[in-house]
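Only heavy atoms go into these numbers, but all of them, side chains included; no hydrogens, no water, no symmetry mates. Nothing here was measured: the structure is a model prediction, and the numbers come from that model.
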Amino acid sequence: MKQIINSLSPGKKIFFASDFHLGVPTAEESLLREKKIVAWLESIRNEAQAIYLLGDLFDFWFEYKHAIPKGFIRIQGKLAELSDAGIPIYIFTGNHDMWIFDYFTEELNIPVFRNPIELTVSGKEFLIGHGDALGPGERTFKLLRKFFHNPMCQFLFSWIHPDIGIGLANYFSKSSRNKTRKHGEEFLGDKEFLYQYCIEQENLKHRDYYIFGHRHLKLEMKVGSNSVYINIGDWINYYTYAEFDGRKLELKEFKG
């Protein structure tokens with residue numbers, strides 16, 4: 001899929017953020033982080049021509065036919081408010097919230113993407129997405145991802161009572177995320193699998209910017225001579241986001 005924004009309105013920018021992981025490590029810490037994210041969204045309201053949220057907004061999310069996970073009301077309310085104000089918002093599923101289905105589209109008028117998309121803004125070419133299962137490596141996860149994306153598996157899980165299904169999923173998701181929080185993400189240099197993926201893609205087609213999340217690292221790495229891979233970090237350790245003003249893209253940290 002490709003989106004085209006021919007030009008930005010005066011004073012407007014495109015914003016990118018990822019990996020909020022709301023729900024961990026505790027309800028109290030998650031709530032503080034959620035309030036900070038809401039404050040950031042409010043701070044960019046007047047500048048945002050579009051907002052792209054590149055996955056793992058939630059540490060776990062599964063939509064039953066008549067139920068969604070408890071909590072996260074403040075961010076949903078702010079997204080609804082901005083969407084109602086006419087600001088286009090786009091959500092990508094990540095490896096922790098891949099079971100987002102149609103709730104955000106039907107209730108908040110926010111499209112949901114499951115794979116990377118191409119984006120053209122003011123003549124600059126982007127490839128953007130969450131980043132899971134791209135490039136070399138992550139073989140075990142890639143197999144699990146196919147399993148979790150299988151419609152039959154999703155159907156069977158939907159028959160588990162939400163109190164049990166969401167409870168179990170939250171337990172395993174929090175265990176995984178807390179382990180990562182404890183040990184941190186290791187920078188792999190030129191062996192970063194998303195960096196390798198960007199190189200492969202650049203050999204097929206030129207883009208000016210490759211923007212992904214998933215790695216929980218703040219990265220800016222040259223891809224050839226005229227392209228850059230940017231990983232926009234997370235909102236667990238860094239509170240970082242990227243903004244594009246039509247001429248340049250910057251990686252910033254929210255201090256609010």
Side-chain angles (χ1 to χ4, degrees), residues 14-25 29-30 33 36-37 40 52-60 92-98 115-117 119 124-145 172-204 206-244 248-255:
I14 307 294
F15 291 89
F16 307 87
S18 180
D19 292 276
F20 299 160
H21 285 276
L22 293 174
V24 293
E29 289 184 60
S30 175
R33 191 160 71 254
K36 190 165 186 175
I37 295 164
W40 170 68
Y52 290 84
L53 303 177
L54 304 185
D56 282 356
L57 279 65
F58 310 100
D59 204 66
F60 173 75
F92 289 71
T93 58
N95 50 300
H96 280 254
D97 52 15
M98 66 179 72
N115 296 296
I117 68 167
L119 172 66
K124 296 292 186 180
E125 300 292 336
F126 295 73
L127 184 66
I128 64 176
H130 181 63
D132 57 313
L134 300 179
E138 290 198 305
R139 293 181 180 178
T140 301
F141 169 71
K142 288 176 181 177
L143 289 174
L144 287 173
R145 188 176 187 272
F172 288 111
S173 183
K174 287 179 181 179
S175 296
S176 172
R177 177 51 44 207
N178 287 338
K179 182 178 179 180
T180 302
R181 281 169 55 89
K182 181 178 180 180
H183 298 287
E185 298 285 359
E186 180 186 0
F187 175 57
L188 303 177
D190 289 347
K191 294 183 179 179
E192 283 285 330
F193 58 86
L194 281 174
Y195 176 63
Q196 293 294 326
Y197 173 78
C198 294
I199 292 174
E200 293 173 1
Q201 291 298 308
E202 182 67 12
N203 288 333
L204 296 173
H206 169 68
R207 281 97 171 189
D208 298 284
Y209 299 104
Y210 296 86
I211 304 179
F212 295 99
H214 187 52
R215 288 292 289 129
H216 294 256
L217 296 169
K218 299 184 295 181
L219 300 176
E220 295 186 49
M221 302 175 70
K222 294 287 289 183
V223 181
S225 57
N226 298 309
S227 303
V228 61
Y229 155 54
I230 293 179
N231 195 284
I232 48 180
D234 64 19
W235 285 68
I236 296 176
N237 300 303
Y238 300 112
Y239 307 101
T240 43
Y241 62 97
E243 64 176 40
F244 179 66
K248 65 181 184 301
L249 188 142
E250 293 185 85
L251 191 59
K252 294 188 173 183
E253 179 180 348
F254 181 62
K255 300 289 188 179

Closest approach of [X] to [Y] (non-hydrogen atoms, all atoms of both residues):
X	Y	result
Ser18	Trp235	O-CD1, 3.5 Å
Phe193	Gly131	CE1-O, 3.9 Å
Tyr241	Glu253	CE2-C, 4.1 Å
Leu127	Pro116	CD1-CB, 4.3 Å

Going from [atom1] on [X] to [atom2] on [Y], what distance comes out if it is rounded to the nearest 0.5 angstrom?
X	Y	atom1	atom2	answer
Ile199	Leu204	CD1	CG	12.5 Å
Ile211	Phe16	CD1	CZ	4.0 Å
Glu250	Ile230	CD	CD1	9.5 Å
Ile37	Leu53	CD1	CG	9.5 Å
His96	His21	NE2	NE2	5.0 Å
Lys248	Glu243	NZ	CD	8.0 Å

Can a donor-acceptor pair be found, under 3.5 Å and without considering hydrogens, that links the side chain of [X] to the backbone of [Y]?
X	Y	result
Glu29	Val24	no
Tyr195	Lys222	yes
Ser30	Gly23	yes
Thr240	Ile232	yes
His130	Leu54	yes
Arg207	Cys198	no
Asn231	Leu219	no
Tyr210	Ser227	no
Asp97	Gly94	yes

List in chain and number order the residues that pass salt bridge (Lys or Arg N to Asp or Glu O under 4.0 Å) with Glu192, two or more places apart in sequence or in another chain; answer none if no residue qualifies. Arg215

Classify the angle between the aromatic ring planes of Phe244 and Phe126 as parallel (below 30°), tilted (30 to 60°) or perpendicular (above 60°).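 Phe244 vs Phe126 ring planes: perpendicular.
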
Does the plane of the ring in Trp40 sit parallel, tilted or perpendicular to the ring in Phe20? Use 30° and 60° as the thresholds. perpendicular

Answer yes or no: are there more than 12 heavy-atom neighbours, outside Lys191 itself, under 6.0 Å from its atom NZ? no

Does NZ belonging to Lys124 count more than 12 external heavy atoms closer than 6.0 Å?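 Check fails, neighbour count at 12 or below.
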
Side chains of Asp208 and Asn226: does their closest heavy-atom pair fall under 4.5 Å?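 No; the side chains remain at least 4.5 Å from each other.
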
Mind checking whether Ile128 and Phe92 have side chains closer than 4.5 Å, heavy atoms only?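 Side-chain contact under 4.5 Å: yes.
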
Is the distance between the ring centroids of Phe254 and Tyr239 under 6.0 Å?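 Between Tyr239 and Phe254, which both carry aromatic rings, the centre distance is not below 6.0 Å.
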
My understanding is that only one of Asp234, Asp56, Asp132, Asn95 makes a side chain to side chain donor-acceptor pair (under 3.5 Å) with His214; could you say which?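 Passing option: Asn95.
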
Going through the checks in order, is the side-chain contact (heavy atoms from CB on, under 4.5 Å) test met by Phe212 and Leu134? CA-CA 10 Å; Phe212 295 99; Leu134 300 179; 3.8 Å; yes

